[in-house]
*Asks:* 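Please see the structure below; I have some questions.
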There are 2 protein chains.
Amino acid sequence: MSSVVIALLLFMGNAHAEDGYALWMRYVPVEPALAATYRAQLSDIVAPDATPTQRAARAELERGLAGLLGTAPPMHAEATQQYAVVLGTPASSPLLAPLHSEIASLGPEGYLLKRVQRDGRSVLVVAGQRDIGVLYGVFHLLRLLQTGASLDALDVHESPRVHLRVLDHWDNLDGHVERGYAGRSLWDWQSLPEWKDPRYTDYARANASLGINGTVLNNVNASAWSLAPAYLDKAAALAEVFRPYGIRLYLSARFSAPIELGGLKTADPLDPGVQRWWRDKVNEIYARIPDFGGFLVKANSEGQPGPQDYGRSHADGANLLADALAPHGGVVMWRAFVYAHDVPADRATQAFTEFAGLDGAFRPNVIVQVKNGPIDFQPREPFHGLFGAMPRTPLMMEFQLTKEYLGFNTHLVYLGPLFEEVLRSDTHARGKGSTVAKLVDGSLEGHTLTGMAGVANIGNDRTWTGSHFDQANWYAFGRLAWNPHQSARDIAADWAAMTFSPDPTVVQPIVAMMMASREAAVNYMTPLGLHHLMARGHHYGPGPWVDGGPRPDWTSVYYHRADRNGIGFDRNASGSNAVAQYAPELAAQYGDLTKVPEPLLLWFHHVPWNHRMASGRTLWDELVTRYSLGVKQVQEMQRQWSTLTDPPEVERGSAPLPSPIDPQRSAQITAFLRIQRREAQWWRDASIAYFQSINDLPLPAGEAPPPHPLAYYKSLQFPSAPGDGR
Amino acid sequence: MSSVVIALLLFMGNAHAEDGYALWMRYVPVEPALAATYRAQLSDIVAPDATPTQRAARAELERGLAGLLGTAPPMHAEATQQYAVVLGTPASSPLLAPLHSEIASLGPEGYLLKRVQRDGRSVLVVAGQRDIGVLYGVFHLLRLLQTGASLDALDVHESPRVHLRVLDHWDNLDGHVERGYAGRSLWDWQSLPEWKDPRYTDYARANASLGINGTVLNNVNASAWSLAPAYLDKAAALAEVFRPYGIRLYLSARFSAPIELGGLKTADPLDPGVQRWWRDKVNEIYARIPDFGGFLVKANSEGQPGPQDYGRSHADGANLLADALAPHGGVVMWRAFVYAHDVPADRATQAFTEFAGLDGAFRPNVIVQVKNGPIDFQPREPFHGLFGAMPRTPLMMEFQLTKEYLGFNTHLVYLGPLFEEVLRSDTHARGKGSTVAKLVDGSLEGHTLTGMAGVANIGNDRTWTGSHFDQANWYAFGRLAWNPHQSARDIAADWAAMTFSPDPTVVQPIVAMMMASREAAVNYMTPLGLHHLMARGHHYGPGPWVDGGPRPDWTSVYYHRADRNGIGFDRNASGSNAVAQYAPELAAQYGDLTKVPEPLLLWFHHVPWNHRMASGRTLWDELVTRYSLGVKQVQEMQRQWSTLTDPPEVERGSAPLPSPIDPQRSAQITAFLRIQRREAQWWRDASIAYFQSINDLPLPAGEAPPPHPLAYYKSLQFPSAPGDGR
């Protein structure tokens, strides 16, 4: 087949199937004039093809250019007369030798995108110290083309600020994805290792395009079976697919595996038999997967086994595994999301209480993985107090991409602003400017082991993430893991351009929708610092009335503490004193009713209903106003979307412009916004009905009363809501 | 966009993505000379577009011809000068008035594909009495083109022989598919009713292409929630998608729903409150879905509630629902797959025992749905004794397309020969020639309510069925439901031509593989009438040693009864006397060790290991030989497949021909055959190791001993095997 026909096929294939499968790697034709410029600048390419990663880089560039420019330029393994682009490493390409030290300064994963003069011509260099950097550079170059950027004076030096950039899959071996809203697990364990679905390769491509370099295949609520030989064979087959794309494979380890799998009587980390079992198991893994990344562990949390079962500490547990992994270069990602069997006075304080004192007790190849906030991936939380409180311990950020508490896959909620808000939070750990981002990238405390994890929102749905807009959350996570100092808005703009169209009249309204969406969700779900008021178990829809059950901290009333007089969780010295887990400057701010930011008001304070807010309204009136505002914000998103899908007439009587959005994605997004609108209203109405039943206060003027009595909202049941734990 | 571009896009889209999604409706270009002939014969088309079904027929023809011929001919709603094809009903097209009575004779779903003379020209007529017949006719015409048939002297008169042609989905509301090996449920309940995934339409197209006219959305192990208003709204949205394609929607009804959903104290079918509840519920359904088909019920079976809980009969239960449905034209499909809490002497006899005596006790809108064999979808069973034993009751065939007992989705096992074997079985109910097919199509007893159900093998996997070859089982079921007298081989040939290529050098080896595949599975799993020896619960892999547990008839030893002296289940008068549930001629044959067909030998007889077989070998030697033969048959399938994917050199030193199979499907099929080969060997080795541990006999000469001791095979565990019930 000629390369023109291949190009046409790729183009046609992409043009035909706007079903979301291509993600942000659609590579559809750029505007003709620009394409001509790009074609001239990318006319002849020198790219080595000796290693799998080199072939991946070359193939991606070929695929991208064929789609974007209509035809892929000639590719050569060796220098030619007229080359305009050169890919490679100083080792793989003699043409890059002069840039040797400049490239070396970028580190093992960095890359250079630079226009240089060679033999009197301008040549574009895409170079890294290793092959993987070159692949990253290719994706960067393709992004520039996809967003219509100029290639005239390129001088890009990029290195990741964070070492471990990892997706955590909460996938069970039976294919169920805990808190998954995008179908089943991508991993078809039954047909592995023989069948390597091409989708595994596309998964690796998508991650590599963002610089994600690790994946934890299985749920933190882990089955010991994941470590059984048959599953290791299957995992090794996946590792083989991922390796050329720079992605290392990790597994969640069940702490009691020595008992369940090894037949030992104990999993005590200080027991020599247990230590031997883990050493042997780790050796067994590395024999199959020489670049295995290590273990992620959830221990002594929500019923999982752990070192405390034997009177040992989290450090003892983590170090057990770390010692087994160390000879191979593997790491332990030990989760700090823990809470004891005994319900504490304030669950928000527990991880801090258990971990802060262990600072310095962990092996060098342990990184403690901390959720962004002290409760559990709520629409809004203050940053987790452990950030800044364990200077001698590398801390890894854990974000949740799958929207367990944010409307599942059907609500449009762009998480970029949430991630950004957390990363830019100032811990004051080393004075002003000690942002969470500087703790995550290691710069504040000089750690070299650094990491950011995203709980994946990926399944076997054709869109990967269960909706078109949820792809943006995967995308934003990857970009921020590479560099946590980036802007969520800029990332949204890149994503929108690549996913829909670089036309500013498309990008602008989409970015506006995205940037407003998270605050909308906060408003219609849990405004003003409220949290964890979702329905029990599956977390689908409102449940502010949830009480009873096995533990108080699994109820809503535990968190909102509303009574006839007021609402909110007192986390001051007069209450749980959670504020003391922050730096003194912050504790003073959070603890002062007059200084606490209103978005965190009810997180830190129990406040009378008639408390006067900045708006001049009472707290109750403000709360109701916020709920209604959330609904209006969704309506505004619908309006913005409709301007794209049903463009207005340009002048009176003229034919409307064609929609810049393809009909298939347009239809799904429109339908999902309708679901979000309906459910936002449900959140507002149910929440108001409930809180009004507590405080008996009238609604502010102009606010419609809930259309149903509270009993109706409480009666709704959803026994088959997706993603529930099993 | 011009229609040429559209055609190109469709073609390119298809050519690009051979991922199985297009099923047998790929519509790839036919060979150029043939395309020219077809184009001339199909140059101008008159097709009405006033109703949704008319538009579906027209759109399918447009899509098909654009793909097959490179361009879709002009379509007109009214007659033109030069038309060459006319679609429609006598009501929708005046051109068809002369054929009025010929068309009427074909019934409401029939169609005519006929070349007639009009104004001195030859015109191709695609006509039915109703729109749906026209759609069926369009699919028939497209099949002729896809298989390269001549359109010169067409004179096709088709009417379905069976009234209800239904897929039974065993899909739970949480997306899990019981015994599903193709991903999650297609039905995304969470985003319904707002979002109607285009895949629902493609599902409807695929079914309509076969004449399937009903679908039961939810598992027979039903949740009462399926009947709750919110789910009925969602079901109604699906019904709306399916309606233009002639597909009626059915629901599995949980017998105790009046208690669980209605808050009643009883579900007793004779209770007036219960009767009222079902009447109201049925009215509520028809208000949303005016063409609702009715209920499928599994009652008093495997723990499901039913009328026997109140001392009532299956007829009482079925009639309760039938009376509620009758005013709307709905039916009850009442399953005969029952077995009591008390383990009977022979489970194979139980459905007969419970149902035969109820003949004549059911309402006219009840059809009793009987599995093809008396146990449970085994690789081979004799036909179910109820066929022929209930002359006054319509009996519906239930086949299982999902391969619960036949290697899941990774084994290539074409079920056409199994279906054909059952349908051609002679019940002798009204003398010789009283085939099961004649009972199913109603002709033997003059029933007009007739049906065939297939337990669907469909999920959200991109291939729909979890593998490319499993699509053939959906296909064959649909074709046989339309006409149960067709040949499984002919159907396989059509499917292979449409799915891969009409080239005889492709069709021939693929059909050979398919036709041999079922016997291969019988051989490597359960030869000579053995049955139900799969592992416990998930049924993945061999488990002839399974014993103990809650009930003897959930073990393997119950079924094979092997001891030191012999093997097999004595179902003669000396044993369970199951033979008495067949007509006397058959009972005499099955019951006689010298006359019973060897493939059913151990189903009906307990036979000494040294029994002399037709081959001259002892039973034990024959058994071992059969197991090994099964493995060899899979190896032969691998060899046949490799001739397609790696064609031999035509002459010494010449370049090999390009493979006629696209690389993506080729790779998956090759990998799956490798899995099948490995698992066939596992079945052989484990079975031989086990039975040898019982009889202590030597292997026949040349037979390799199992590579592991029996303890190894028994130790294998698969806690996450797919499809297990939950």
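Because only heavy atoms are used, hydrogens play no part in the values below, and waters and symmetry mates are left out as well, while side chains stay in. Protein chains get the first letters and strands the later ones, always in sequence-line order, with residue 1 at the start of each.
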*Asks:* Which one, B/Leu716, B/Asn409, B/Ile675, B/Thr410, leads in non-hydrogen pairs under 4.5 Å with chain A?
*Replies:* B/Ile675
*Asks:* Among B/Ser185, B/Ser191, B/Pro193, which residue has the highest count of heavy-atom pairs closer than 4.5 Å to chain A?
*Replies:* B/Ser191
*Asks:* Against chain B, label A/Ala667 side chain, backbone, both or neither, depending on which of its atoms sit under 4.5 Å from a heavy atom there.
*Replies:*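 Both backbone and side chain.
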*Asks:* If a pair satisfies salt bridge (Lys or Arg N to Asp or Glu O under 4.0 Å) and one of its residues is in residues 180-197 of chain A, list it, with sequence neighbours excluded.
*Replies:* A/Glu194-B/Arg678, A/Lys196-A/Glu240
*Asks:* Return the CH2 to CZ distance between B/Trp189 and A/Phe718, rounded to the nearest 0.5 Å.
*Replies:*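 It comes to 15.0 Å.
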*Asks:* As an exercise, state the distance from OG of B/Ser720 to CG of A/Leu173, rounded to the nearest 0.5 Å.
*Replies:*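 B/Ser720 OG to A/Leu173 CG: 4.5 Å, rounded to 0.5 Å.
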*Asks:* Contact part of A/Trp225 toward chain B, heavy-atom cut-off under 4.5 Å: side chain, backbone, both or neither?
*Replies:* side chain
*Asks:* Shorter than 4.5 Å, heavy atoms on both sides: which option in A/Arg199, A/Gln717, A/Gln668 has the most such pairs with chain B?
*Replies:* A/Gln668
*Asks:* Looking at every non-hydrogen atom in both residues, tell me the closest pair between B/Gln190 and A/Tyr540 and how far apart they are.
*Replies:*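 Here B/Gln190 and A/Tyr540 meet closest at NE2-CE1, 3.0 Å.
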*Asks:* Is it the case that the side chains of A/Asp461 and B/Asn460 hold a donor-acceptor pair, with the cut-off being a distance below 3.5 Å and no angle test?
*Replies:*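 Side chains of B/Asn460 and A/Asp461: no pair found under 3.5 Å.
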*Asks:* Between CG of B/Leu673 and CH2 of A/Trp195, what distance do you get to the nearest 0.5 Å?
*Replies:*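 Spacing of CG (B/Leu673) from CH2 (A/Trp195) equals 12.0 Å.
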*Asks:* Quick one: what part of A/Tyr21 sits under 4.5 Å from any heavy atom of chain B, side chain, backbone, both or neither?
*Replies:*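 Neither; nothing under 4.5 Å.
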*Asks:* Does any backbone or side-chain atom of A/Phe408 lie under 4.5 Å from a heavy atom of chain B? Answer side chain, backbone, both or neither.
*Replies:*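 The answer is the side chain of A/Phe408.
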